[in-house]
Amino acid sequence: MQRWLSNLRGRVFPDHWSLLFGQIAFYSFIVVTISGVVLMVPYDPSIEHVVYDGPYAPLRGVSMSRALDSTLHISFEMRAGLLIRQVHHWASLLMVAAIMLQLLRLFFTGGFRRPRRLSWLVVFGLFITTLGAAQTGTSLPDDMLSGSSLSVIDGVVKSIPFLGSDISAILFNGQFPGDVLRLFYPLHVYVLPAVLVVLFIVAGVLALKHQPAQYPGPGRTNDNIVGNSAAVAAVKSAGLFCFVVGVSLVMGVTATINPIWMYGPADPANASAGIGPAWYLAFVDGGLRLMPGWEVEVGGRTLTLAILVPVVVCSLFLVLFAVYPFIEDWVVGDKADQNLLDRPRNNPIRTGIGVAGIVFYGILWAAAGADTMAVMFHTSFNWIIHLLQVLVIVGPPAALVLTRRICVGLQEHDLDVAVEGAETGRVVRLPNGGYVEDHRPVDAYRRYRLAGFVRVPALPLAPNYSAARRLQVRLANFFDQDRLTPAPEDNSLPPAPSKAAVGPGPDQS
């Protein structure tokens, strides 16, 4: 233990704003946990119906479940109950957003490469588990909004061939709407939080085990770390925790979210107009809207492709996102540990693939609000759907090509600045009468950051390669086109700024 603490005190942590998303997610989880424990006491997860007689007059005398009645009690009668509910909700959304940004940061910078592929899967597991916890949590009030969401879930589950009806009966304890709270409440309160705790612990252990990844620069290699000491990192981390708590409280105080008293009790015969799914699951609902109403019969059973295909496509999208590090590892064939992160512009194909995925997700996400857009822009709902159906097909490939071209252009611009200097906006006249813009030379440190890279050479394609090897080489050459990698360290360059501490990796201490 003493040795472990000594190693921790001597550890150096890279300092960059993009590395904070994981901490924000963890601190948001702490806020969610504390507020959730407080909400557990007065909440009653029962669908037994009672007549509401609380202070909210528009619902007085309305029959509703004890779950909704207790949630209204928390909102209107429990001291600071509404604040705690809203802090709990906003912190959960902040946690989802932070994990999504962390995944995107790892993807675009190559932070998932060896030896951090397991860490990538852990973060992805955090993402999926958080989505499950958020979805089960929004169903607990048993209001009209959660009831409409559950009806969509029931339809999606029933579209599963041959097993859908049985799974729905298990999920809802019989025929929909059934008693879904008997399953969702323990999942939301006990099971999924326990899984999140385990995943956060595993992520922390893996982060301490492996040398932290850092962005390339003078004095930075795969074998050292440039950054802050453990004491400085701890102070900054404590400040970030206070910031996350403060933001959650400010949002809980100033911004109303999930006003269940406006929706009323859940009713399977009704649905609220203008209400869509939570933003982090809207892409699934958007896929359902974009898919034509196709059905086929197989073995005397009707398969609803209008639901099955979007669910399969969205699930496949998430699976490909999860296994992408292993696909890239096989394509590139790089088996060495990579502790230097990539600038997204220096890996145009990977960046293009990531942007294509964002465009695909964004179009499905926009389709979930097609009805709202039709009302706001006074246009046809069908016209918007047809437009998005075209975009979801041509948008991702176009985004890949355009992103690659932008990345190559940024590489050329960096090279121009490194060679010719930075533009000053000052135009001078030459002795021969011509005009030229004056450039200010950049220092060696910035010149290294802009142009301290070399192009990855193409792999030769030998005629005696097997079909699988030939495919791998072609894919590698496609992926490596225009890709830059840090050049060998130039000892003539100045070291990193003096305020940064340079320390060995944990394996060298």
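For clarity, every value in this text was computed on a predicted model and none was experimentally measured.
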From CA spacing to verdict: side chain to side chain contact (heavy atoms under 4.5 Å, CB included), K236, D15: CA-CA 10 Å; K236 289 188 174 183; D15 186 19; 2.9 Å; yes
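- Taking the six-membered ring for Trp and thresholds of 30 and 60 degrees, H188 and H88 have ring planes more than 60 degrees apart, a perpendicular arrangement.
- Without hydrogens or angle criteria, R66 side chain to E48 main chain gives no donor-acceptor distance under 3.5 Å.
- Without hydrogens or angle criteria, R116 side chain to L206 main chain gives no donor-acceptor distance under 3.5 Å.
- Residue F321 is tested with F127, F112, W120, Y361 for a ring pair (Phe, Tyr, Trp, His ring centres under 6.0 Å); the sole match is W120.
- Environment of CH2 in W383: sparse, with no more than 12 heavy atoms of neighbouring residues, nucleotides or ligands closer than 6.0 Å.
- The pair R114-D329 meets the salt-bridge criterion, with a side-chain N (NZ, NE, NH1 or NH2) lying under 4.0 Å from an Asp/Glu carboxylate O.
- With S35 contributing its side chain and V32 its backbone, the two residues share a donor-acceptor pair below 3.5 Å.
- Between the side chain of T351 and the backbone N or O of P344, at least one donor-acceptor pair lies under 3.5 Å.
- The shortest non-hydrogen separation linking L181 to P186 is O-CD, 3.9 Å.
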Audit row: D267, M144, side chain to side chain contact (heavy atoms under 4.5 Å, CB included) steps and yes/no: CA-CA 6 Å; D267 185 353; M144 181 69 76; 4.1 Å; yes
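- Screening L150, L171, V157, I153 for a side-chain contact (heavy atoms from CB on, under 4.5 Å) involving F176 leaves a single residue, L150.
- A salt bridge links R289 to D371: at least one charged side-chain nitrogen sits closer than 4.0 Å to a carboxylate oxygen.
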